Amino acid sequence: MRQHRQAILVGIVLALAAALLAWFGVRYVALLREGSLLLDDLRLANFAPRRGQSADIILLAINEDTLAEFPFRSPINRRLIAGVLDELAARDVRAVGIDVIFDQPTNADDDQALLAAFDAFPRPLIVAVGSAANGLTERQLAFQERYLVGRERGLAGMLITNGVVRHLYPGEQTAAGFEPGLAVALAEALGAPPARDAQQLYYRVDDGDVAAIRSYPVQLLSLLPRAWFKDVIVLIGADLPNQDTFRTPLSAKGGAMMTGAKIHAQALAQLLDGARFPGVGWRSDVLILAFAALLGVILPFVRTRLVSKAALGVLVVVVYWFIGLAGFARGGPLLPLLAPTLGLLLASSFGTVYARRRDQVEKRFVRAAFARYVSPSVIEEMLENPSRLALGGEKREMSFVFSDLEGFTSLSERLPPDVVVALLQEYLDGMIKIAFASGATVDRLVGDGIAVFFGAPTVQRDHAPRAVGCALAWDRYGENFRQAQRRKGIAVGITRIGVHTGSAVVGNVGSAARFHYTAHGDCVNTAARLEGANKYLGTRMCLSRQVAEGHTAGSFLPVGTLLLKGKANDLECVTDAEVIPVQWRGAYLAAFAALALDRDSAERQFAAIGEALPDCGLVALHLRRLRRGEQGVRVVLDEK
């Protein structure tokens, strides 16, 4: 539990660090900042929902054809503008904004004609003014101030972020007080609430042939229907190449620039209809970024392959981006894309480093805990799920093999200690090697006795065949070892083996500081009793028929139905068929079948086999039983 809480705390810290780095990166690292802004621009240019044309605004553009009618290009002919104002007054427009800077004198009559048109205009009229920030000199500023004295004005500036106009220009504080931008001043003159924040522009996008803002050359005004202009707001401004043009988010689609007059028209439309750029706000930005970072930290701890983890991470990003794009196209908010993606990637990287370090610690713990009694292959399998090493247990279907070296205690008393140790070491090394090769877990070593089990800690669906195979290999090794030692003059006894299968509770038992991975249950005790039963039965190996049935590589002979010491139920058991030569196995099976049918016949048959095989303990067992008057295959053991 403590490690779990520590992992959660570390994960939160790593997620917080990743989120902060991502937040810092998209704001202060130039490449990331540009990338984040570009993603927003691309979505606005390509996926913004079509909101229709702004029907309340018309832009009259002064273009190259307009200027071609006059002897000079700049300053723009003021009598032209005066005539346009007179025409618009007659057409009952709602208001006019003029995005032309009047910073120097022209023909005196034309200048006076324009001022007269200003004074005679019956509706709100806002004239753009420049500032030093627009490059105007002191002389130009002075003329502008004299010429427009008493007139309603709006600053002609733009808010440019990294070369792109993304925000509405609210105006700025000057020595004379706050001066609003052209669009803000015009909107306020029409009754809109004051706008003093640099809100993000929610550009209307052209829909096919339908322009977001209607625009016509100013010289064609007389040809346009009068009804188009009733109660409409008109902006007059230049539409000239390389003059008063700016990059906007819509430029991300085709690279086209937008005139300052059209940007003012977009800003005015936004102010009048009360629209706001559909962002999610900084609080939602923080929550999304935090969630992405937490998800990135969790991802490395998902129990699956590295490729699957990477695919899952990519899927999460793709789904989120799809939601961000499709949702915005359907009128939803403009979700942040780069920051959460960067936060997830950073957090995932941090989490991967931490997970690998934690895995290394856990793997060292697993290897240290199991190296002495679990085969290396089993350990590697367990490393995939080290959580199984928690204190406690679980019920499993398992198989158990017990062995004991006959007469080793008395033998050790007759031999020098160094010989005994070397002998036991050689014997146990061979037995454990076989157990590990079979995939066994060594439960315990008690002197010369060994207890192993199959089916834990890793699940082995073939635990019974593995156990029988291990027992058969132990038997062959034990006999070879015994013969080799006898040739050296050391009278080593036989290796007795018991095998059984069934349900048991397996797990770590002990304290948190010291524990033992072991199994408990009736089937464990039964396997131990079967090992001890060999002494009474005259066999080297005793297996329950239940465990032997699943093994197809060996053959077995029935021993009998045993009632073990302390058990209430009989257990049908078998032994390795190798205890009887092949030519006598049929005779043994016939004699065994006769035990339950005809005691006299069974005795004659076992007696005949016994004469041929005087050293076969199993035959001798049944012959003694028959001569004591016992009948049947049920064998009661009074000793363990």
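As the structure is a computational prediction, the values presented were derived from the model and not from experiment.
Side chain of Thr575 to main chain of Met541: a donor-acceptor pair is present (N/O by atom type, distance under 3.5 Å, no hydrogens or angles). With Arg466 contributing its side chain and Phe454 its backbone, the two residues share no donor-acceptor pair below 3.5 Å. Counting only distance, with no hydrogens or angles, the side chain of Ser36 and the backbone of Leu32 share no donor-acceptor pair below 3.5 Å. At distances below 3.5 Å, not a single donor-acceptor pair connects side-chain atoms of Thr501 with backbone N or O atoms of Ala464. Although no hydrogens or angles enter the test, the distance criterion places no donor-acceptor pair under 3.5 Å between the side chain of Trp474 and the main chain of Ser403. The closest donor-acceptor contact from the side chain of Glu406 to the backbone of Ile494 lies under 3.5 Å.
Under the ring pair (Phe, Tyr, Trp, His ring centres under 6.0 Å) criterion, the residue pairs touching residues 589-609 are Tyr588-Phe606, Phe592-His622, Phe606-His622, with sequence neighbours excluded.
Around NZ of Lys395, the count of heavy atoms belonging to other residues, nucleotides or ligands within 6.0 Å does not exceed 12. Atom CG of Asn569 has 12 or fewer heavy atoms from other residues, nucleotides or ligands within 6.0 Å. Heavy atoms of other residues, nucleotides or ligands lying less than 6.0 angstrom from OH of Tyr477 number more than 12. Residue Arg628 places its CZ atom among more than 12 non-hydrogen atoms of other residues, nucleotides or ligands, all under 6.0 Å distant. Shown here is Leu31, whose CG atom has no more than 12 heavy atoms of other residues, nucleotides or ligands within 6.0 Å. Within a 6.0 Å sphere centred on NZ of Lys535, other residues, nucleotides and ligands contribute 12 heavy atoms or fewer.
Taking Thr518 as the reference, Asp443 meet the side-chain hydrogen bond (donor to acceptor under 3.5 Å, both in side chains) condition, with sequence neighbours excluded. With sequence neighbours left out, the side-chain hydrogen bond (donor to acceptor under 3.5 Å, both in side chains) criterion links Asp429 to Gln425. Scored by the salt bridge (Lys or Arg N to Asp or Glu O under 4.0 Å) test, Arg624 finds no partners at all (sequence neighbours excluded). Qualifying side-chain contact (heavy atoms from CB on, under 4.5 Å) partners for Leu14, counting only residues two or more places apart in sequence or in other chains: Val10, Val297, Phe350, Tyr354. Residues that satisfy the side-chain hydrogen bond (donor to acceptor under 3.5 Å, both in side chains) test with Asp40, not counting sequence neighbours, are Arg43.
With 3.5 Å as the limit, one finds a donor-acceptor pair spanning the side chains of Asn534 and Thr539. Counted by atom type alone, Thr341 and Tyr320 present zero donor-acceptor pairs between their side chains at under 3.5 Å. Side chains of Ser601 and Gln605: a donor-acceptor N/O pair is present below 3.5 angstrom, by distance only.
The side-chain heavy atoms of Leu621 and Tyr536, taken from C-beta on, include a pair separated by under 4.5 Å. The closest side-chain heavy-atom distance from Leu562 to Asp570 is not below 4.5 Å. Within the 4.5 Å cutoff, the side chain of Pro300 has no heavy atoms near those of the Arg356 side chain. The shortest side-chain heavy-atom distance between Leu42 and Phe47 does not fall under the 4.5 Å cut-off. Arg634 has its side chain within reach of Leu563: a pair of non-hydrogen atoms, C-beta onward, lies under 4.5 Å apart. Residues Ile432 and Tyr427 have side chains not in contact (no heavy-atom distance under 4.5 Å, counting atoms from C-beta outward). Side chains of His500 and Leu571 form a contact here, defined as non-hydrogen atoms less than 4.5 Å apart.
The two residues Val468 and Ala548 make their nearest non-hydrogen contact at CG2-CA, 4.2 Å. The minimum heavy-atom distance linking Leu543 with Asp576 is given by the pair CD1-N, 4.4 Å.
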Where do Glu394 and Arg396 land on the salt bridge (charged side-chain N to carboxylate O under 4.0 Å, His left out) test, with the steps shown first?
-> CA-CA 6 Å; Glu394 58 177 316; Arg396 290 271 191 93; 3.1 Å; yes
What's the verdict on side-chain contact (heavy atoms from CB on, under 4.5 Å) for Val492 and Arg486, showing C-alpha distance, side-chain angles and the deciding distance?
-> CA-CA 7 Å; Val492 174; Arg486 284 185 177 273; 5.7 Å; no
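A salt bridge links Arg585 with Glu578: at least one charged nitrogen is closer than 4.0 Å to a carboxylate oxygen.
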